[in-house]
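Scope of the values below: all heavy atoms of this structure, side chains included, with no hydrogens, waters or symmetry mates.
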Amino acid sequence: MSAKSAINKEVFIPHNEKMLAAVQVKRRTKKKIPFLATGGQGDYMTFICLSVTNKKPSHLSITKVKQFQGSSSFIKRSQWTIDQLRQVNGIDPNKDCPEFDLMFENAFDQWVAGSAGEKCTFIQILHHTCQRYSSARKPEFVNCQSKLLGGNSILHSAADSVTSAVQKASQALNERGERLGRAEERTADMMNSAEQFAVTAHKV
């Protein structure tokens, strides 16, 4: 089971929620936190997760989940509603990069994802979900590539790929049908010619 599947099973499903996206991250800047405040549990992995409640009306949340070294379990550390999210900063609108910032009403975190691809996928899904679920007060997306926010999102791209594949398959079948049709016509012409030859030969 992947880490993201395990997080969904352990953290969200028991609370009647569904995880929509998750990205593994590290801080770009170290926070000065007293040793006792962290519990002294050593190294850990951090995931930023987007989830939605199964119960209507749907409520979106962004949750910080950690897995400490030597432990197989995941722990929910912080959680914000989507209405508390004020800004998503993609850092560079001109190229793929793994860095991004999240600004909430009471928190500001600077993250670097495991890869630019993971970050892009997370922001695409976050933006799409905010447009669909959040209230009139939607978070601001700044310094994000247009492909992450517009019609070329990963969801649309997937749909376009399927549509393209269907169109290509349909075109291939049509071309094949045309070739078969022409072959049948040639076969019919040859049969007619043979019949006419046989009739003529019989008359002679």
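Side chains of Ile62 and Leu126 form a contact here, defined as non-hydrogen atoms less than 4.5 Å apart. For the pair Val52/Arg132, no side-chain contact is recorded, criterion being any heavy-atom separation below 4.5 Å from C-beta on. Between Asp101 and Asn143 the shortest side-chain heavy-atom distance does not fall below 4.5 Å. For the pair Gln131 and Lys138, the minimum side-chain heavy-atom distance is below 4.5 Å. Contact annotation: the side chain of Val142 approaches that of Asn89 to within less than 4.5 Å [non-hydrogen atoms, C-beta and beyond].
Note that OG of Ser51 and CD of Gln79 are 6.0 Å apart. Values are rounded to the nearest 0.5 Å. Distance SG/Cys120 to CD1/Ile125: 11.5 Å, rounded to 0.5 Å. For the atom pair CD of Gln110 and OG1 of Thr29, the computed distance is 4.5 Å after rounding to the nearest 0.5 Å. Atom CZ in Arg86 sits 10.0 Å away from atom CG in Asn106 (nearest 0.5 Å).
Annotation: ring-ring contact (aromatic ring centres under 6.0 Å, His included) contacts involving residues 76-95, sequence neighbours excluded, comprise Trp80-Phe104. Listed by first and then second residue, the salt bridge (Lys or Arg N to Asp or Glu O under 4.0 Å) pairs involving residues 6-20 amount to none (not counting sequence neighbours).
Counting all heavy atoms, side chain and backbone alike, Gly90 lies closest to Cys144 at N-SG, 3.7 Å. Across every non-hydrogen atom of Ala21 and Phe122, the tightest pair is CB-CD1, 3.9 Å. Listed here is the closest heavy atom pair of Met103 and Leu85: O-CD1, 3.5 Å. Ile91 approaches Pro93 most closely through the heavy-atom pair O-CD, 4.1 Å. Listed here is the closest heavy atom pair of Thr53 and His59: OG1-N, 2.9 Å.
When the side chain to side chain contact (heavy atoms under 4.5 Å, CB included) test is applied to Thr46, the partners found at least two apart in sequence or on another chain are Val25, Tyr44, Lys64, Lys66, Trp111. The side-chain hydrogen bond (donor to acceptor under 3.5 Å, both in side chains) search around Ser78 returns none, not counting sequence neighbours. Applying the side chain to side chain contact (heavy atoms under 4.5 Å, CB included) criterion to Ser72, with sequence neighbours excluded, gives no partner residue. Partners of Asp92 under the side chain to side chain contact (heavy atoms under 4.5 Å, CB included) rule, at least two apart in sequence or in another chain, are Asn94, Lys95, Cys97. The side chain to side chain contact (heavy atoms under 4.5 Å, CB included) test applied to Asn16 returns Asn54, Lys55, not counting sequence neighbours. Evaluation of the side-chain hydrogen bond (donor to acceptor under 3.5 Å, both in side chains) rule for Glu140 yields Gln87 as partners, not counting sequence neighbours. With sequence neighbours excluded, no residue satisfies side-chain hydrogen bond (donor to acceptor under 3.5 Å, both in side chains) with Gln24. The side-chain hydrogen bond (donor to acceptor under 3.5 Å, both in side chains) check on Asn8 picks up nothing, with sequence neighbours excluded.
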Full working for side-chain contact (heavy atoms from CB on, under 4.5 Å) between Lys147 and Asp96: CA-CA 10 Å; Lys147 69 177 183 179; Asp96 292 339; 3.2 Å; yes

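Through side-chain heavy atoms spaced under 4.5 Å, either directly or across other Ile, Leu, Val, Met, Phe, Trp or Tyr residues, Ile7 is tied to Val11, Phe12, Met19, Met45, Phe47, Val65, Phe74. Cluster note: Val112 groups with no other residue, as no ILVMFWY side-chain heavy atom lies under 4.5 Å from it.
Not one N or O on the side chain of Ser71 forms a donor-acceptor pair closer than 3.5 Å with the backbone of Gln67. Judged by distance alone, the side chain of Arg28 and the main-chain N or O of Phe100 form a donor-acceptor pair under 3.5 Å. No donor-acceptor pair under 3.5 Å is formed between the side chain of Lys119 and the backbone N or O of Ala113.
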